Every structure is written in C-alpha cells, then in structure tokens.
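Numbering of ligands and ligand atoms starts at 1, following listing order. In this text the structure is predicted, and so the values were computed from the model without any measurement.
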Amino acid sequence: MIISFENKVALVTGAASGLGLATAQAFAASGASVALADWNGDAVEAAAADLTAQGYKAIAIRCDVADDAQVEAMVAKTVETFGRLDAAYNNAGVQNVLAETADTTREDYDRVMGVNLRGEWSCMKFELQQMRKQGSGAIVNCSSLGGLVGGAERGIYHAAKHGVLGFTKSAALEYGTRGIRVNAICPGLIWTPMADQMVTEGQGDALKAMEKMIPMGRVGRPEEIANAVLWLCSDAASYVTGQSISVDGGFVMR
Ligand SMILES: NC(=O)c1ccc[n+]([C@@H]2O[C@H](COP(=O)([O-])OP(=O)(O)OC[C@H]3O[C@@H](n4cnc5c(N)ncnc54)[C@H](O)[C@@H]3O)[C@@H](O)[C@H]2O)c1
C-alpha cells in the first residue's frame, strides 16, 4: 500500500511542535502542499521554512485556534494559496492546570476548552465549508487517551478530549454521503515538548508510572501518530469514518 498526497493539500494546526510538526513533515514528504498553522508565529515560520528548504511546498500561518476569525482566515489562506483543502489534522492543544475538580478555576476551564474543544469545532466548521463545496475531504481531530478514560486532576482536559469525539462522530454522520470523512486519533503517551513540559512541572514521576502501564513497554514517537493520521486522511482509509483510533501502545486496553 502506497500512501501518496501528490497534488493534495493538507492543513495542520499546532504544526510548530510535537505531533503537529511530525505530521506536517510526513504530509510534505508524501507529496502534499502543506499549510502549517500555529499561534507561535516564529516557530511555525521556521518549521515551514525548513520544509521549503528541502524542496517541499509549505506555508506558515499564524493562527490561534481559539479565535474563530483567525481560524476562518487560516482556511481561506490555505485555499487561496493552494487552491483546495483535501486533508486537515486539527491537532493544536494545551494541558489543564493540574487540580482536583473542586479546586479548578473558571479561567482554566475557559482557556483549555477554548483551544481543545471550541478550537476543534471552529477548525471543523470552516474546513467543512470548503470540503462541502469540493464534495471531498478528510479530517482528523486530535483527541487523546484522555478522550476515552477519566484522569484525576485532569478533568477539564479529559472533558474537552471526550467532546472532540462527540463532534467527530456527529460530523461523520452529517457528511458520510458527501465525500467527506471525519475521524479522531487518540494518542497515548508520546514524547513531545508537551511531555517535556509536564516533566518540568513536576509530573515526571507520574509519567514514569504511566510508562510502566503501557503494554508495549515504551512511550510513543510523534511519527507513529503522523503515520496513523496520514493513513486516516488517505484513500487507503476510504471506508473509515466516525472512528477514534487509539495509537497508545495498548494503554486503554486495561
Ligand atoms: N504528547 C502526548 O503524549 C499527547 C497525548 C495525547 C494527546 N495529545 C494531544 O496531541 C496534540 C499535540 O500535542 P503535542 O504533544 O504535540 O504538544 P506540543 O505542546 O508539543 O505542541 C502543541 C502545539 O500546539 C500549539 N498550540 C497550542 N495552543 C494553540 C492555539 N490556541 N492555537 C494554535 N496553536 C496552538 C503550540 O504552540 C504547539 O506548537 C494536543 O492536542 C495534545 O492534547 C498529546
């Protein structure tokens, strides 16, 4: 099975780092023209410049996915530059401040939901407007193992990631007969700057304990998420929609 995105256009949010960066690189290497979007403008410019220096077609877009107007402009810029939108990986996300539910704040709730849930909704909304016009497209939303199970002191993050699956299934139902597939990916523990940040914030022991519970005995690599996203966006997954695919070394099987 050869997965090629020659003559296709892909959009990745949170593309300056970690899973988004690895997925943007994989789309480019598979022949796609890639729009890399991130709220970290300098980092996303550097990521796109690195791809164009290697001869790939890429643009950088500064975008905060929590801002609808910026999301609408992000999709418009992608279409204006490359002419269409075939694949979108809605990946941008943030962690909540660790706190048991009684101690969580409205501020943190709004911050995390604004990016991890409303941001996914907003990206889907504007991507689907374009894909609906084309009568084709594939979207992958980034949930988490946190979209499938609970997490003490992580309720806001887990609630948002559960919500992503609800939007994914609902949109899959709406667009199944119109050439558009919508799926979600549920990464387990993957080594990225987000995981580094958790170690910096004193969660290193918790991550080590979590690693011991992974049936495959190791943390995942960003490319392993990218491979699954590319497969879901490709014609090789032409009969797959509304699914949440766990890429977690078997973690949620317990
Ligand atoms: N790393 C893991 O173990 C893991 C596990 C499960 C799910 N996830 C999910 O995968 C996704 C990517 O995580 P990662 O580990 O690569 O994290 P990361 O912190 O390395 O990368 C996240 C990227 O998203 C960008 N971003 C954050 N908020 C944004 C916003 N409002 N608008 C635009 N860009 C924004 C950041 O600037 C960064 O470049 C997230 O949705 C995360 O919840 C990660």
Residue D103 excluded, over 12 heavy atoms near CG under 6.0 Å: yes

Short side-chain donor-acceptor distance under 3.5 Å, D68 and S122: yes

Side chains of N141 and N90, donor plus acceptor under 3.5 Å: yes

Worked verdict on E211 versus K208 for salt bridge (charged side-chain N to carboxylate O under 4.0 Å, His left out): CA-CA 5 Å; E211 185 175 352; K208 275 199 198 110; over 6 Å; no

Any side-chain donor near an acceptor of the partner, W191 and D196, under 3.5 Å: yes

Residues in contact with ligand 1, criterion: heavy atom under 4.0 Å: G14, A16, S17, G18, L19, D38, W39, C63, D64, V65, N91, A92, G93, V94, V115, C142, S143, S144, Y157, K161, P187, G188, L189, I190, T192, P193, M194

Residues E127, R132: salt bridge by 4.0 Å N-O rule: no

